[in-house]
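Worksheet: one structure, shown below.
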Amino acid sequence: MADYKAPLRDMRFVLNEVFEADKLWASLAGLQGAVDTETAEAILETCGQIASEVLAPLNRNGDEVGSTWKDGEVTAAPGFKEAYQTYVEAGLNGLGGNPDFGGMGMPKTLVGQVEEMVQGANMSFGLAPMLTAGACLSLNYHGSQELKEKYLPNMYSGVWAGAMDLTEPHAGTDLGIIRTKAEPNADGSYNVTGTKIFITWGEHDMAENIIHLVLAKLPDAPAGPKGISLFLVPKFLVNEDGSLGERNAMGCGSIEHKMGIKGSATCVMNFDGAKGWLVGEENKGLACMFTMMNYERLGVGIQGIGAAEASYQNAVAYARERLQSRAPTGAVAKDKVADPIIVHPDVRRMLMTMRAFNEGGRAFSTYVAKWLDIAKFSDNSEDQQHADAMLALLTPVAKALLTDNALESAIAGQQVFGGHGFIREWGQEQYVRDIRITQIYEGTNGIQALDLIGRKIAGNNGAFYKLFEADINAFIATQAGNDAMAEFIEPLKAALENLNDLTQWVMDQAKNNPNEIGASSVEYLHVFGLTALAYMWAKMAAVALPKTGEEAFYKAKVGTARFFMKRLLPRYIGLTAAVRGGAEPLYELEEEMFETA
Ligand SMILES: Cc1cc2nc3c(=O)[nH]c(=O)nc-3n(C[C@H](O)[C@H](O)[C@H](O)COP(=O)(O)OP(=O)(O)OC[C@H]3O[C@@H](n4cnc5c(N)ncnc54)[C@H](O)[C@@H]3O)c2cc1C
């Protein structure tokens, strides 16, 4: 059965050595006195223990038994309710929350590591705190003081949970066409009516109340995305004194049967004139939701890394024990009937690919989290603007790149097990099924790619892109004259030059053909992503190279950096050629010619 150990050594390396988190935190006005290396270490340790000992053992059970629905009530899989209690009692639920309302105000660079451990141990469980954190974030930024005082403290403490209700049967990517209505009442509240589908943990028994953030349209709203408003709709109405009142006019009609994350309830939510309160301004709901979605998009990327790390750990253990055939260079385990499969080049390729994507992804998600921290906690408006631009650019990359790589990793982790990888008992196939959703929800990866090249690059004529390029060039400059680093810096430089040219090429093509952006987007995102990972691996190599004599960890880090540069980074060459193939081949067929029978 699959096992999970929190990768604390690597998290410490990324936080303390690569990004020098203590210096970053000390430099940010809004974090003064809130966190230091010691506090961070204590939080990581606590979470690591809960992830490995409490959440991971429930992962299989969640998959096998799942949540159950009866007469509108959802019961979480056995053990989930107790695990949730352990998790919230350890204070992990409100880690990133606003201290004015009971949150702990911790930086995302740290919270991201905690999220990775929780998701790595049990993705289905991890979705519950993730959605609550996202709902809190939106409420904290856009809600009135009254709403914040009434709801945030209980949400941060985990007594109440949160859910996010956007999708409708006919409206997923295009939220501008939703039909849920909100009609104003004389007392300032609204009556919300409509049906939402696919609502993660929309109903469950782990918390006393569930606070839904629901997108709906006012009676006189303009058509399209500019006519959407955001409403807070609690499962139980909350009395003036904070106690729970009557049940709101809403309920869970059913839960979905699905491919993965079976431990989480995916709910159809019916609102029948449920009482709700406006969050933010009328018709500005989409902007409010994006506050939550940007946070969650990075969170979904982190989910991918977490689960792929778990798959990697099990694949390594198996590859060291499973005996099949002899090494091409001659028998290694001479006293055994065959060698452990880790001796074979192809098994090595799979393990190294997983490792390079997971560790590179961990560094990249921490890099993106660094910009989130600067945007949130700096008191320098120029730095904040810079960080906001970097975040806008990098968030779709973090979501799509890390989840696409996570699926590749998990499939490799399954393949290492041969036929046993296909069998339930070993747990490797669950990671493949669970990770698959990360490419779909929170905006499909296709939509992330479109957002990157369309809105975030072509939309401002490459202004945000130039900041990213400058950041990489500044790092490259710090390595000038360092001959030992040339093996990492030269491929990084080549990848960056290629990306610069390709970015300009796509923007030029798009001026003549509106389809060019969409046609190039997915491959372009991966060329961008591979370049970003090359930057991360060069950064990590720069820290690890001088320390290879100190600890095997650093030697492994440098070895993995070499593998990335030589075996994974060159993928950008083929992807670049595909982008340059242009949009025309996609439109060779008339629509009816797609029929094959
Ligand atoms: C398990 C699960 C949990 C979920 N949790 C939640 C939740 O908690 N809350 C919530 O509100 N929603 C949730 N969702 C919904 C999820 O976010 C949507 O399914 C997703 O955004 C895609 O929407 P859709 O399914 O309607 O697909 P569609 O929008 O119909 O898209 C179908 C395909 O067309 C592509 N496409 C659509 N428009 C374009 C375009 N303009 N250009 C290029 N390609 C395009 C898409 O990329 C996709 O490949 C969940 C879904 C699942 C399956």
Side-chain angles (χ1 to χ4, degrees), residues 62-63 66-67 74 123-135 138 161-180 194-204 210-216 224-225 228 230-231 233 252 254-269 271 285-286 288-290 292-297 299-300 303 307 396 399-400 403-404 433-455 510 514-525 583 586-587:
D63 189 55
S67 298
V74 173
M123 247 181 81
S124 290
F125 176 92
L127 279 161
M130 179 174 164
L131 281 152
T132 304
S138 233
M164 139 177 179
D165 303 49
L166 291 75
T167 308
E168 298 184 8
H170 69 291
T173 302
D174 186 358
L175 293 169
I177 57 173
I178 59 166
R179 293 187 190 130
T180 299
T195 296
K196 297 284 177 180
I197 62 163
F198 296 161
I199 306 310
T200 301
W201 288 120
E203 173 60 33
H204 58 86
I210 302 173
I211 313 305
H212 291 258
L213 289 189
V214 183
L215 285 184
I228 302 174
L230 182 64
F231 297 88
V233 186
C252 174
S254 61
I255 57 175
E256 306 290 349
H257 301 279
K258 50 196 195 287
M259 172 182 176
I261 55 164
K262 293 184 184 202
S264 71
T266 305
C267 306
V268 172
M269 296 300 306
F271 298 88
L286 213 52
C288 300
M289 212 46 146
F290 265 107
M292 172 161 160
M293 273 166 33
N294 278 337
Y295 172 93
E296 295 203 335
R297 281 177 176 170
V300 171
Q303 275 196 309
K399 198 277 180 178
T403 58
D404 283 353
R433 288 186 289 105
D434 283 356
I435 287 174
R436 186 66 180 85
I437 186 61
T438 63
Q439 298 175 302
I440 298 172
Y441 59 20
E442 281 305 320
T444 64
N445 284 1
I447 295 300
Q448 304 301 321
L450 210 53
D451 182 41
L452 172 70
I453 184 68
R455 285 181 58 225
N515 273 335
E516 286 292 347
I517 292 280
S520 63
S521 55
V522 167
E523 284 97 343
Y524 175 85
L525 183 141
L586 302 180
Y587 289 88

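Keep in mind it's a predicted model, so treat the numbers as computed, not measured. Numbering of ligands and ligand atoms starts at 1, following listing order.
No side-chain heavy atom of L525 sits under 4.5 Å from any side-chain heavy atom of I453. Side-chain contact between Q448 and T403 is absent, with no heavy-atom pair separated by less than 4.5 Å.
At a 4.0 Å heavy-atom cut-off, ligand 1 touches L450 through the side chain alone. With a 4.0 Å cut-off on non-hydrogen atoms, T173 touches ligand 1 through its backbone as well as its side chain. With a heavy-atom cut-off of 4.0 Å, E442 touches ligand 1 through its backbone alone.
For atom 42 (N) of ligand 1, the nearest protein heavy atom lies closer than 4.0 Å. There is no protein heavy atom less than 4.0 angstrom from atom 32 (C) of ligand 1. For atom 7 (C) of ligand 1, the nearest protein heavy atom lies under 4.0 Å away.
For atom 26 (O) of ligand 1, the closest non-hydrogen atom of the protein is G172 CA, 3.1 Å. With respect to atom 21 (O) of ligand 1, the closest heavy atom belonging to the protein is G443 N, 3.9 Å. Remark: minimum distance from atom 10 (C) of ligand 1 to any protein heavy atom is reached at T167 OG1, 3.3 Å. Nearest protein heavy-atom neighbour of atom 25 (O) of ligand 1: F198 CE1, 4.3 Å.
For the side chain to side chain donor-acceptor pair (under 3.5 Å) with Y441, the qualifying choice from Q303, K399, R297 is Q303, the only one to do so.
Between the choices I437, V300, V522, I447, the shortest heavy-atom distance to atom 36 (N) of ligand 1 belongs to I447. Closest to atom 9 (N) of ligand 1 by heavy atom, among M164, E256, M130, is M164. Taking only non-hydrogen atoms, the option from L166, T266, L213, T438 nearest to atom 11 (O) of ligand 1 is L166.
For the atom pair T195 OG1 and M269 CE, the distance stands at 10.0 Å (nearest 0.5 Å). Interatomic distance, CG of L166 versus OG1 of T173, reported as 11.0 Å (0.5 Å rounding). Note that CZ of R179 and NE2 of H170 are 4.0 Å apart. Values are rounded to the nearest 0.5 Å.
In terms of polar-atom proximity, defined here as any N/O pair under 3.5 Å, Y441 makes no such contact with ligand 1. Checked by distance only, ligand 1 and T444 come closer than 3.5 Å through their nitrogen or oxygen atoms. At under 3.5 Å, a nitrogen or oxygen of T200, whether backbone or side chain, sits near a nitrogen or oxygen of ligand 1.
The shortest heavy-atom contact between G194 and T180 is CA-OG1, 3.7 Å. Heavy atoms only, all atoms of each residue included: V522 and G446 are closest at CG2-CA, 4.2 Å. The heavy-atom pair separating W201 from F125 by the smallest distance is NE1-O, 4.3 Å.
In summary, the atoms of ligand 1 found under 4.0 Å from a heavy atom of I440, numbered by their order in the structure, are 20 (C).
Proximity of a side-chain donor or acceptor of S264 to a complementary backbone N or O of S124 within less than 3.5 Å is not detected. A donor-acceptor distance shorter than 3.5 angstrom exists from the side chain of S138 to the backbone of C288, with no hydrogens or angles considered.
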